[in-house]
Amino acid sequence: MNKSLNEYYVDVLLPLALEGTFSYSVPTPLVERIAKGQRVEVIFGTSKLYGALVYKVHQNKPKYKKIKAILNIIDEKPIINEQQFTYWEWIASYYMCSLGLVMQAALPSHYLLSSDAYAFLQTDNDLLEEALSLEEEIIYRALRKDEFVKTHDLKKLLGKKSILGLLRAMTEKKWIRTSHHIQKTYKSKTQKFIRLHPSLDDDQLSNIYEIDLRRAAKQQEALLAIIEASESQKEIARTSLAHIKSNILKALEEKNIIVFIDRVVSRIETEEPTKKVNFSGVKIDPKQQKKIKNLLKKDAVQLLNDAELIPYLYAINKKYQPGEQTLILIPNIDFEHEALTIIQNEYANDFIFQNSKQGNDVRYEIWDKVQKDVRFIIGTRSSLFLPFKNLKHILLLQEHDPAYKQFDPSPRYHARDAAIILAHQLKAKICLFSNTPSFESLLNNHQKKYLSLQKAESNNLGNEIELIDLQKAAKQRALDGSFSKKLTKEIATALEQNAQVIIIKNRRGYAPVLICKNCDWKASCPNCDVKLTYHQFSKKFICHYCDYKARYIPTCKECQSTDLELKGFGTQKLEEELELIFPMAKIHRVDSDTASGRKRFQIIQEKFLAKKIDILVGTQLAAKMINASSLKLIAFVSGDQMINRPDFRSEEKAFQYIQSLLEKKGAQTKVLIQSWNPEQAFYHSIKGSDYYNFAFKRMRERQLFHYPPFVRMIHLTLKHKEKSIAERAAHLMVVFLKKKWGDRIQGPITPSIERMFGRYHVDVVIKHEKQRDKMEGIKKSIYEANLFLTKQSDLKSVRISINVDPQ
DNA sequence: AGCACGCCGACT
DNA sequence: GTCGGCGTGCTC
């Protein structure tokens with residue numbers, strides 16, 4: 001095939017948040033080598049270079065005036081295969097976002113290349129003799145110091161928003177020049193190894209040891225260690241000789257007794273397994289085993305309870321064929337499970353742990369290894385995009401966990417649903433695990449779309465909960481701030497027994513707020529409709545929505561009074577109350593202020609386990625210590641906050657959460673919930689019935705009132721700086737969509753937080769039947785409505801974000 | 001996303 | 001008068 005007879009073009013995806021593809025021409029010498037799935041280097045805009053992904057190679061001349069040519073082919077072989085593109089297309093179309101954004105979610109950032117502009121000197125003359133402006137002088141000195149300087153760094157150096165004009169002027173005077181370079185950021189990790197000098201034989205070595213080194217005891221000692229280690233492996237990691245000082249080794253190197261070698265090592269391969277746990281050591285109920293064996297013959301999605309996870313793994317392990325891969329999806333990085341421990345120990349060199357917090361270089365190595373061969377991949381939702389070589393099984397743990405749904409940035413995909421599609425496309429088997437399945441999965445199971453749910457056994461744990469009626473307590477004057485007398489008594493009893501207590505309050509604004517003593521004004525964010533909270537750790541007032549930070553706020557914005565005070569709310573207030581009631585107790589607070597970051601949380605956790613804390617007060621983070629053996633009491637100060645959120649799923653999620661705690665807690669731990677209204681149906685359910693009873697009762701209500709899982713939902717949020725414009729846009733959107741879809745469209749709705757990032761939000765909610773044609777029709781209408789809005793001259797700058805299947 | 005172009009107020 | 005602020009629109 002001779003491709004070079006005609007002109008070729010490529011449509012590429014750029015690593016930018018842009019809709020659609022862009023077309024470039026392919027220079028003849030590159031035509032033979034180009035293919036879909038490779039990255040190419042292109043100029044986009046004035047001078048910036050990007051690594052763009054080839055989405056289509058074709059011969060149809062695009063009808064644009066200016067068609068640039070690709071500069072370069074970056075990958076000799078495609079890095080994305082046809083199946084991955086098909087998967088991306090599904091995500092983009094189902095969740096209504098551009099392919100470019102899917103690409104950004106899918107690729108390790110190392111693959112998303114964009115250039116930096118550099119400046120360098122163009123003249124040898126000493127410019128300080130010229131009439132330089134102050135800014136020019138700063139730039140000149142910076143360039144004289146380092147040969148190439150990023151223009152971005154120069155911008156920071158000058159503290160200006162734009163230095164483009166300045167640089168251009170200096171370029172015109174032929175003082176400097178600028179150029180663009182794509183940075184290849186991957187750096188392999190190297191490790192120092194030591195080996196005996198290859199020219200030495202045993203006799204020579206013993207000679208050296210006895211004669212040459214007779215007066216260097218330390219060197220003798222080191223050589224002996226190296227010789228010993230050399231018996232099992234030729235090259236010895238420097239780290240395994242940590243006890244030997246560097247100067248000793250250096251001396252041996254200089255005497256040509258040993259050599260140093262730099263080896264490229266993997267960041268992801270773990271050391272040898274710490275302890276052997278064998279699947280064969282796991283007791284498996286033969287009935288269970290038979291059931292799972294039968295399940296594995298069928299193709300449908302399966303839904304099982306947690307107790308069936310290890311038998312399931314055992315079963316697929318038994319049928320394992322070399323090269324097969326298993327993906328185990330977990331809701332978040334910290335998720336721990338016995339089954340994962342078994343895999344990590346058993347297959348230490350054949351499993352990968354992946355999550356979105358890993359550094360670029362690690363992700364790059366993971367990508368590489370998954371492509372080659374690795375048996376188990378344990379990871380969070382972004383692992384769905386890995387380039388699997390031969391994926392045979394997907395296991396999704398804690399199926400009901402809302403963390404599986406991505407919110408920002410787009411694509412707002414749900415890992416459970418996306419995993420089911422992936423399994424279908426790859427003809428892999430998929431099994432969801434949960435003791436408290438989401439209503440969505442229960443319905444699918446009920447309608448026999450899924451197979452074989454067996455209720456988890458120890459399900460009726462609710463009767464271990466004790467409710468405290470705050471209304472009654474208030475009437476009896478048995479209420480002390482946030483605490484009922486009953487609760488403080490229970491805490492006191494626990495403390496007397498030298499046991500530990502956890503107090504939980506679900507409240508977002510946990511840190512203190514700045515309040516005006518004169519007029520009750522509270523410091524709020526200039527961009528969002530929320531109060532600023534004070535963070536002790538950074539000593540700053542912070543907005544949780546837009547990350548606005550202020551060092552200090554001197555006066556009240558209402559009455560200009562300077563008489564301001566920090567007042568604790570949420571968990572901090574609880575902590576203060578507890579300190580008054582139990583002055584002798586060791587009380588510690590845990591929330592994202594005191595425990596931001598994993599390390600700080602771990603420190604608190606260790607302290608708690610070492611019994612250096614009597615009472616732990618906090619948000620749901622605190623509940624992670626639920627399995628501590630000396631935990632006597634866990635109490636929810638206000639259970640109502642958990643279930644009365646403005647979200648139709650709040651009771652479902654609360655039940656799932658409380659049940660997971662009940663399952664994890666020890667027998668000695670008591671659970672107390674304070675409520676102003678303990679007669680609410682929810683409390684009856686959680687105390688009296690098992691999850692399935694509760695779920696089916698609530699699902700009937702959802703069906704009656706047309707809520708998921710019986711209908712599908714799409715949320716539209718329209719955002720604009722001007723409230724009236726956002727409202728008008730939302731109104732027009734509703735009118736437009738109602739014409740075709742009638743009652744399925746609801747809104748405009750003002751959300752509970754009206755303003756965020758300096759923009760007013762107005763919502764439109766769509767509820768529609770679970771039929772494919774309806775779904776596609778509505779999505780088409782949304783695109784049309786979008787187009788219609790952008791044609792209204794005053795609404796052009798209204799931003800619309802779309803959330804399909806919101807959580 | 002970044003950059004150009006165009007329109008406004010505050011300053012040598 | 002100009003410099004530089006931001007709002008808007010375009011990039012193959």
Side-chain angles (χ1 to χ4, degrees), chain A residues 7-27 30 34 36 39-72 97-105 107 109 111-119 131 133-136 150-156 158-169 171 178-183 408-410 526-527 719-722 725-726 729 757-760 786-787 789-801:
Chain A
E7 288 197 330
Y8 275 80
Y9 301 92
V10 285
D11 297 343
V12 298
L13 295 169
L14 288 160
L16 294 172
L18 289 174
E19 216 42 73
T21 56
F22 291 83
S23 307
Y24 288 82
S25 65
V26 186
L30 297 183
I34 201 144
K36 181 175 179 180
R39 284 169 308 158
V40 291
E41 201 176 307
V42 297
I43 291 176
F44 183 66
T46 42
S47 52
K48 212 167 163 168
L49 299 165
Y50 291 93
L53 190 67
V54 177
Y55 184 61
K56 201 175 166 192
V57 184
H58 59 89
Q59 298 189 76
N60 317 317
K61 185 168 183 171
K63 46 185 185 291
Y64 301 101
K65 285 171 256 159
K66 218 168 71 186
I67 301 160
K68 290 177 184 167
I70 63 169
L71 302 175
N72 222 332
C97 90
S98 68
L99 264 180
L101 282 173
V102 179
M103 173 178 80
Q104 295 207 64
L107 286 179
S109 56
Y111 282 114
L112 303 166
L113 300 177
S114 66
S115 68
D116 288 309
Y118 289 82
S133 74
L134 183 64
E135 284 172 340
E136 285 170 338
K150 278 187 195 170
T151 58
H152 180 81
D153 293 341
L154 292 173
K155 203 164 21 176
K156 268 200 288 187
L158 290 172
K160 289 182 77 170
K161 285 211 172 158
S162 169
I163 56 164
L164 235 80
L166 191 61
L167 291 179
R168 202 164 296 155
T171 309
T178 56
S179 69
H180 273 265
H181 292 284
I182 280 192
Q183 288 235 302
D408 265 337
S410 209
N527 310 319
K719 309 171 187 178
H720 198 271
K721 272 202 315 201
E722 305 279 340
I725 292 180
F757 284 93
R759 287 172 196 279
Y760 284 91
N786 227 331
L787 207 67
L789 284 191
T790 49
K791 279 190 187 136
Q792 314 296 117
S793 59
D794 56 329
L795 303 179
K796 275 188 180 147
S797 50
V798 176
R799 303 265 148 127
I800 302 177
S801 72

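Below, each value reflects all heavy atoms present in this structure, side chains not excepted, and no hydrogens, waters or symmetry copies. Below, read A as the first sequence line, B as the second, and so on, with proteins coming before strands; counting in each chain starts at 1.
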Exercise for the section: Quick one: list whatever passes side-chain hydrogen bond (donor to acceptor under 3.5 Å, both in side chains) with A:Thr171, sequence neighbours left out. Expected result: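 In terms of side-chain hydrogen bond (donor to acceptor under 3.5 Å, both in side chains), with neighbours along the sequence ignored, A:Thr171 is linked to no residue.
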Exercise for the section: Step through the shown structure and confirm whether more than 12 heavy atoms of other residues, nucleotides or ligands are within 6.0 Å of NE2 on A:His152. Expected result: no
Practice task
Using salt bridge (Lys or Arg N to Asp or Glu O under 4.0 Å) as the criterion, list what pairs up with A:Asp153, not counting sequence neighbours.
Solution key: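 Applying salt bridge (Lys or Arg N to Asp or Glu O under 4.0 Å) to A:Asp153 gives none.
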Go through the structure and list residues passing ring pair (Phe, Tyr, Trp, His ring centres under 6.0 Å) with [X], not counting sequence neighbours.
X	answer
A:Phe22	A:Phe44
A:Tyr760	none
A:His180	none
A:Tyr9	none

Handout entry: Base versus backbone protein contacts along nucleotides 6-12 of chain C [heavy-atom cut-off under 4.0 Å; B, S, -]
Key = SSSS-BB
Practice task
For DNA chain B, note the earliest and the latest nucleotide, 5' to 3', having some atom under 4.0 Å of a heavy atom belonging to chain A.
Solution key: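 Extent of the interface on DNA chain B: B:dA1 to B:dA4.
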Practice task
Please work out if A:Arg168 contacts a base, only the sugar-phosphate, or nothing of the nucleic acid, heavy-atom cut-off 4.0 Å.
Solution key: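 Answer is sugar-phosphate: A:Arg168 comes under 4.0 Å of backbone atoms only.
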Practice task
Would you please name every residue forming a side-chain contact (heavy atoms from CB on, under 4.5 Å) with A:Asn72, sequence neighbours left out?
Solution key: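 side-chain contact (heavy atoms from CB on, under 4.5 Å) list for A:Asn72, sorted by chain: A:Glu41.
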